[in-house]
Protein chains: 4
Amino acid sequence: MMWTMSAAPTLAERRKQELRQGIIDSAFECFAAQGYHATGIADIATRLGIGHGTFYRYFANKRDIVEHVVDEVIAKIIAALSADNAPEVPDTIADYRAQVERIGDALARILTDDPRLPRMVLEAPGIDPQMSAKILGFYDLARRLTERYLAHGVETGYLREGLDVEATSHAIIGMIVATMLSAVQQPEAQHQRRLAAAIQSLMFEGITHEH
Amino acid sequence: MMWTMSAAPTLAERRKQELRQGIIDSAFECFAAQGYHATGIADIATRLGIGHGTFYRYFANKRDIVEHVVDEVIAKIIAALSADNAPEVPDTIADYRAQVERIGDALARILTDDPRLPRMVLEAPGIDPQMSAKILGFYDLARRLTERYLAHGVETGYLREGLDVEATSHAIIGMIVATMLSAVQQPEAQHQRRLAAAIQSLMFEGITHEH
Amino acid sequence: MMWTMSAAPTLAERRKQELRQGIIDSAFECFAAQGYHATGIADIATRLGIGHGTFYRYFANKRDIVEHVVDEVIAKIIAALSADNAPEVPDTIADYRAQVERIGDALARILTDDPRLPRMVLEAPGIDPQMSAKILGFYDLARRLTERYLAHGVETGYLREGLDVEATSHAIIGMIVATMLSAVQQPEAQHQRRLAAAIQSLMFEGITHEH
Amino acid sequence: MMWTMSAAPTLAERRKQELRQGIIDSAFECFAAQGYHATGIADIATRLGIGHGTFYRYFANKRDIVEHVVDEVIAKIIAALSADNAPEVPDTIADYRAQVERIGDALARILTDDPRLPRMVLEAPGIDPQMSAKILGFYDLARRLTERYLAHGVETGYLREGLDVEATSHAIIGMIVATMLSAVQQPEAQHQRRLAAAIQSLMFEGITHEH
DNA sequence: CATGAATGAGCCTTCATTCAT
DNA sequence: TATGAATGAAGGCTCATTCAT
């Protein structure tokens, strides 16, 4: 139909989109506050002031909504992890370090901004095996991205030859996970920044005396 | 009959202990396979071939059993993390590196041995807030232990002066978490060993060229 | 449509009230027929032809419904006991005797009408200590009312000076209880009326020859 | 068999009888303290210090024991109601009044002695319809006894001609029930005695001025 | 005979989902 | 389209009863 052409969302359609997003937000808040299993569809609807029957006009079931909520959480974190380093691939050690710093800052910012994000990621694997797989998939996505950067660094020569890029990428992701874990309990910006700095140091200098 | 007084648990008592442990194991298997919430008491009992009423002779409720299961999992991991480094506190960089290696090996061994261990740790925080707190507490316990070692290293002089021991301990624990996460999907011994080696390298040399 | 604002309960609302009352009635019948403990929520629901989940939309739990059932039973009996003697306080022995007669008639009428009422009162104390207390409280309420009337009679002079109004009120309530007890097995109106007459005789003449 | 002849209960047999009685007593205490439904077989056995399996060597099931407990309670009350008036049937108004007094005293004594007796009678009808019938049967037994005495009084001439002996017996039993009801809450001897006196007064003089 | 471990029927209650209004 | 009343599958838990030791 002609009038459906991209640029012209009906008023009704926009409202629909807004309500849909509202449900996702409400669900996020409920899940973050009480956990997935302790949250009822009625809770999500009530918090939003809609009837809980309405929920099912926008999402197929409880599992469906949590899928969307987690996807959104992951998307936000991925955005923080990737947005700032998109422009160009670093070609010197300084560039790379700067990029790691930018990522650390972005992560610190987003985690400090909303500590429920890491909490969600922490608790999501308990929902069911599939959700667990999704979270692990998210970790792996981030890890593969990291691995590519490391590989590029080795190829380009600013990272150590012989570096086990795959294994090291796991370790680096682990440190990012640590950042998220600690954000659950200590979301203060300063703490996050210290953690980011320590990770940087560890990566670029190790913990020993500079040799 | 002449019983040796002290260490003589009745046959019945031994059976009781065995059944109790059997229930814990069965529960562990169910939780690992289907997740806490999808597991019914009946599942645990049936898998063991006992009536589900029997379960309640040994554990107060579903929450009680998962507590025991998780405690056992944590105990195993803590044992791996701490047993080998108990003897003496490292006083040289070589000692410390050796200890880190031993821990890595022990961890690799136990995770390879039973990949459901890390899966359980991964999924436990989704059970409820208290369990979440317990897991975070476990992480924090390990972290504080690491922090003490780092502090000792700095004091003794074999670690860099000015090292942010607290933040760094978070990062190191993150890498241990990474080990566990990867063990869920790649429990092969070789992979675990590579990961342990990479962590060591990262800690003691960083990822850059040795300067 | 021109609704008269105030007393216009929606159709839905009226249905709701009706269903609620239906559940109370159904529960009353079940409890009366099988006793509280032998009655399952499913019985109450099935007898009414509704799903047993529906029950919980109207009452919090099994205890809640029996509370309502008993309250209703008590209310009916209290109404019988008090409605007819409300108008004015009797000031002569004839007035008082007439009032006692009215109460007796009203009680006979209601007990004959539904013999499950006294049965419920009889069995309620076995539900739990709180219910027991409620029933005893109901007896005591009636007793204190009776006591007030006796005291008024003594003050006014148409009852014997020196009458132990408190103890006598207990005795009179006991005779009302007897009426209820016998109604369980002999609900026929005639029997009830004879009993009421005998109680009157006992109160006003004793069992001996008029002296 | 010869040696079974009445007078020679084996030691073992006596022990058995004692344990049996012990179980009844223990059950009575449990039922009185927590109610029938809240009492488990295990409670009864534990209070007595025996294994709960042993219970079933003496009583068929939970229903069986409560039957015995209630029977014993009823027997005690019947004894109080009938023991003292057994010797001879009263033939004058004074004799009868004296007898009523003796009964009242005996009742007061036993209720004051153990207020759990009336409580048991009060709560027993809630156990199940059969128990309810038993209690009603007990009331009726006492009532018929009373009725016989009243009839004798009328025949003999010391009670009013035309007295509705059946209905009046209901009323009198009601007052005895009142005594039991009030004993649940006020077991003090003095209160019981006042109540007995009031009942006597009511029976023999009515509540009005002596005419 | 005493014991208590084992059992499973049975019940209350929750809540995701459906559907008539 | 929004609603919320109705539903019943599902599951945790209790406890009377049995029976091997």
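Numbers restart at 1 for each chain; the letters A, B, ... are given by sequence-line order, proteins then strands.
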Please state how far atom [atom1] in [X] lies from atom [atom2] in [N], giving the value in whole angstrom units.
| X | N | atom1 | atom2 | result |
| --- | --- | --- | --- | --- |
| Q34(C) | dC11(E) | CD | C1' | 14 Å |
| L48(B) | dA6(E) | CG | P | 11 Å |
| E13(B) | dT3(E) | CD | C1' | 15 Å |
| R14(C) | dA5(F) | CZ | C1' | 18 Å |
| Y58(D) | dA16(F) | OH | P | 20 Å |

### Task
Heavy atoms only: give me the nearest K62(A)-H37(A) pair and the separation to one decimal.
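Closest approach of K62(A) to H37(A), heavy atoms only: NZ-O, 3.9 Å.
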### Query
Closest approach of P125(A) and E123(B), non-hydrogen atoms and distance?
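In terms of heavy atoms, the two residues are closest at O-CG, 3.3 Å.
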### Query
Is any side-chain N or O of K16(B) closer than 4.0 Å to OP1 or OP2 of dG4(E)?
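So the side-chain polar atoms of K16(B) never come under 4.0 Å of the phosphate oxygens OP1 or OP2 of dG4(E).
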### Interatomic spacing from CG in L117(A) to NZ in K76(A) - rounded to 0.5 Å
5.5 Å
### Task
Starting at CG of L48(D), measure out to CD1 of I24(D) and round the result to the nearest 0.5 Å.
11.5 Å
#### Entry: F31(B) and Y36(B) aromatic ring geometry - parallel, tilted or perpendicular at 30°/60° bounds
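The arrangement is tilted - the two ring planes meet at 30° to 60°.
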#### Entry: Counterpart residues, ring-ring contact (aromatic ring centres under 6.0 Å, His included), relative to H52(B) (two or more places apart)
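With neighbours one apart ignored, the set is empty.
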### Query
Paired with dA20(F): which nucleotide, if any, by Watson-Crick or G-U wobble criteria at under 3.5 Å for both distances?
dT3(E)
### Message
How would you summarise protein contacts on nucleotides 12-21 of chain E per nucleotide, using B for base, S for sugar-phosphate only and - for none, with heavy-atom distances below 4.0 Å?
### Response
SBB-SBB---
